[in-house]
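Remember, predicted model here, so these are calculated numbers, not experimental data.
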Amino acid sequence: MKQDFDVAIIGSGVAGMTAAIYLKRSGINCCILEREVPGGQINKASSVRNYPGFTEITGPDLSKNIFEQVNDLGIVYKYGNVLKISIEDGCKIIKTDIEEITAKNIIIATGRTARKLGIPGEDKLVGKGVSYCALCDANFFKNQDVLVVGGANSALEEAIYLSNICKKVTIVHRRELTADQIFIDQLKNISNIELKLYCTVKQLNEKEGILESATIVNKDKTEENIDVKGCFIYIGQIPANESFKDVIEFDEKGYVKVNEHNETNVKGIYAAGDIVKKDAYQLLTAMSDGVIAAVNCIKDIKNQ
């Protein structure tokens, strides 16, 4: 079977783009497949402060810088939603909603998606008050009251960002904050942020199809309605693995199992970035995965 590319990379987050850069610089014919904009989850970060070389940079700016390298190298970039992958005579076949692409090797770098609360009103009000990206949607709620659900770094960082745009930000978390101390300390100096700990959101209430309030269960089990026009949910993420479940192995939480070469149980299929189980989900670990997967793809191809 004729192969379109030596390596097809599924996902254009930092792991996928890093892998593509290393492959292309080694003379490997590769492409990136992506269903959304380049950069993945990093596009949702209003501020990045743990990336060496930058005291601070926005997620979209960092993504743009990396994507410029991809373009400068002439790496093929294809849009499409990957529906499934299959193997025929050793050739990897990727079926998207637009076309079929064949490759010798695949690097899966689809990352993770936002975890949902799973409460009444959430799905119905997405885009009508419910959001999983403050940087994307904050300006829709200028000078209005909003809710942030979560207590880790992402929740607090985005609550701080929202506090500069919105009238009031209420943070609801089911236990003590788990964010880094630097974010907790910043909250103390922001007058329009209120913390509600050991509380949960029971449901989101609408009026004429738009979010109007949230029903909160307090620490003492009493309920109250908080009038908010926006609800930003940051309660973790789950691996985006739906297109690969019949082909490669996952752990009990849905993360792709890989060896020390970032290769899956299927020869020639690698995984990199947040789709892989790891101790730290950071830009640098995602990029490291991309490098390891790319280097081993190069070895495979040159030994064929």
Side-chain angles (χ1 to χ4, degrees), residues 1-24 28-44 63-64 66-71 73-114 126-127 132-133 136 237-250 254-258 262-276 286 289-290 293-294 296-298 300-301:
M1 178 179 290
K2 178 182 177 295
Q3 293 168 329
D4 299 316
F5 299 95
D6 293 324
V7 182
I9 302 152
I10 304 174
S12 68
V14 294
M17 289 196 290
T18 299
I21 290 168
Y22 272 74
L23 289 165
K24 189 68 174 183
I28 302 298
N29 179 26
C30 64
C31 74
I32 298 175
L33 298 171
E34 175 58 63
R35 63 184 178 184
E36 297 180 354
V37 297
Q41 290 292 320
I42 192 60
N43 284 314
K44 298 180 180 180
S63 172
K64 176 175 173 289
I66 302 172
F67 189 57
E68 284 179 355
Q69 291 180 267
V70 168
N71 280 331
L73 287 168
I75 296 168
V76 175
Y77 193 95
K78 289 177 170 285
Y79 285 97
N81 182 29
V82 174
L83 303 176
K84 68 175 183 177
I85 58 176
S86 57
I87 303 171
E88 185 177 323
D89 297 327
C91 180
K92 315 302 186 296
I93 305 169
I94 305 166
K95 180 176 177 58
T96 78
D97 57 349
I98 298 173
E99 61 184 327
E100 280 193 354
I101 296 165
T102 58
K104 295 178 183 177
N105 289 12
I106 291 174
I107 298 176
I108 297 171
T110 48
R112 301 185 293 176
T113 58
V126 170
Y132 304 89
C133 176
C136 309
Q237 297 178 321
I238 55 176
N241 62 16
E242 58 275 3
S243 302
F244 321 111
K245 288 184 176 180
D246 297 328
V247 182
I248 57 177
E249 290 184 357
F250 302 92
Y255 290 93
V256 178
K257 290 183 177 181
V258 295
N262 274 73
E263 189 172 28
T264 70
N265 63 301
V266 177
K267 179 68 176 174
I269 299 181
Y270 295 78
D274 288 0
I275 191 74
V276 176
D289 283 350
N296 284 286
C297 276
I298 294 166
D300 282 350
I301 291 164

Student: In Å and rounded to the nearest 0.5 Å, what is the CG to CG distance from Asn105 to Asp300?
Tutor: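 Going from CG on Asn105 over to CG on Asp300, the span is 5.0 Å.
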Student: Can you name the closest pair of heavy atoms from Asn241 and Phe250 and give their distance?
Tutor: CB-CE2, 3.3 Å
Student: For Leu23 and Ile298, work out which heavy atoms get closest and say how close.
Tutor: CD2-CG1, 3.7 Å
Student: Determine whether a donor-acceptor pair (N or O, by modelled atom type, separation under 3.5 Å) exists between the side chain of Asn262 and the backbone of Ala272.
Tutor: no
Student: First locate atom NZ of Lys95, then atom CD1 of Ile101, and finally report the distance between them rounded to the nearest 0.5 Å.
Tutor: 11.5 Å
Student: Would you please test Asn265 and Lys257 for side-chain contact (heavy atoms from CB on, under 4.5 Å) and show each step?
Tutor: CA-CA 7 Å; Asn265 63 301; Lys257 290 183 177 181; over 6 Å; no
Student: Are Tyr132 and Val126 side-chain neighbours, meaning at least one heavy-atom pair lies under 4.5 Å?
Tutor: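 Heavy-atom side-chain distance check passes, below 4.5 Å.
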Student: Without swapping roles, check the side chain of Gln41 against the backbone of Thr113 for a donor-acceptor pair under 3.5 Å.
Tutor: no
Student: Please check if atom CG in Asn71 has more than 12 non-hydrogen atoms from other residues, nucleotides or ligands closer than 6.0 Å.
Tutor: yes
Student: Nearest 0.5 Å please: distance from the CD1 atom of Ile42 over to the OG atom of Ser63.
Tutor: 8.0 Å
Student: State, yes or no, whether a side-chain contact exists between Tyr77 and Pro38 at a heavy-atom distance under 4.5 Å.
Tutor: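 Heavy-atom side-chain distance check passes, below 4.5 Å.
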Student: Taking C-beta and beyond as the side chain, do Thr110 and Val82 meet within less than 4.5 Å on heavy atoms?
Tutor: no
Student: Calculate, to the nearest 0.5 Å, the distance between atoms NZ and CG belonging to Lys104 and Asp6 respectively.
Tutor: 4.5 Å
Student: Search all heavy atoms of Gln237 against all heavy atoms of Tyr255 and return the closest pair with its distance.
Tutor: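 Closest pair (atom of Gln237, atom of Tyr255, distance): O-OH, 4.1 Å.
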Student: Could you check if a side-chain atom of Phe5 sits within less than 4.5 angstrom of a side-chain atom of Val76, using non-hydrogen atoms only?
Tutor: yes
Student: So, for Ala294 and Ala19, which heavy atoms are closest and what is the spacing to 0.1 Å?
Tutor: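 Scanning both residues, the minimum pair turns out to be CB-O, 3.6 Å.
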Student: Give a yes or no on whether the backbone of Thr102 and the side-chain of Asp4 come within a donor-acceptor separation of less than 3.5 Å.
Tutor: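 Yes; judged by distance alone, with no hydrogens or angles, the pair exists.
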Student: Do the side chains of Ile9 and Ile75 get nearer than 4.5 Å, heavy atoms only?
Tutor: no
Student: CG/Asp274 to CG/Asp289 distance, rounded to the nearest 0.5 angstrom?
Tutor: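 It is 8.5 Å, given to the nearest 0.5 Å.
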Student: Locate the shortest heavy-atom distance separating Ile32 from Ala20; write the atom from each residue and the value.
Tutor: CD1-CB, 3.6 Å
Student: Distance check, rounded to the nearest 0.5 Å: Ile93 atom CD1 versus Glu100 atom CD?
Tutor: 6.5 Å
Student: With side chains defined as the heavy atoms from C-beta onward, is the minimum distance between Cys297 and Ile107 less than 4.5 Å?
Tutor: yes
Student: Heavy atoms only: give me the nearest Lys24-Leu73 pair and the separation to one decimal.
Tutor: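 For Lys24 and Leu73, the tightest heavy-atom pair comes out as CE-O, 3.2 Å.
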Student: Among Arg112, Arg35, Lys84, exactly one meets salt bridge (charged side-chain N to carboxylate O under 4.0 Å, His left out) together with Glu242. Which residue is that?
Tutor: Arg35
Student: Can you check whether Ile10 reaches Phe244 side chain to side chain, under 4.5 Å on heavy atoms?
Tutor: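 They are in side-chain contact.
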Student: Between Thr264 and Val258, is the side-chain contact (heavy atoms from CB on, under 4.5 Å) condition met? List the steps.
Tutor: CA-CA 5 Å; Thr264 70; Val258 295; 4.3 Å; yes
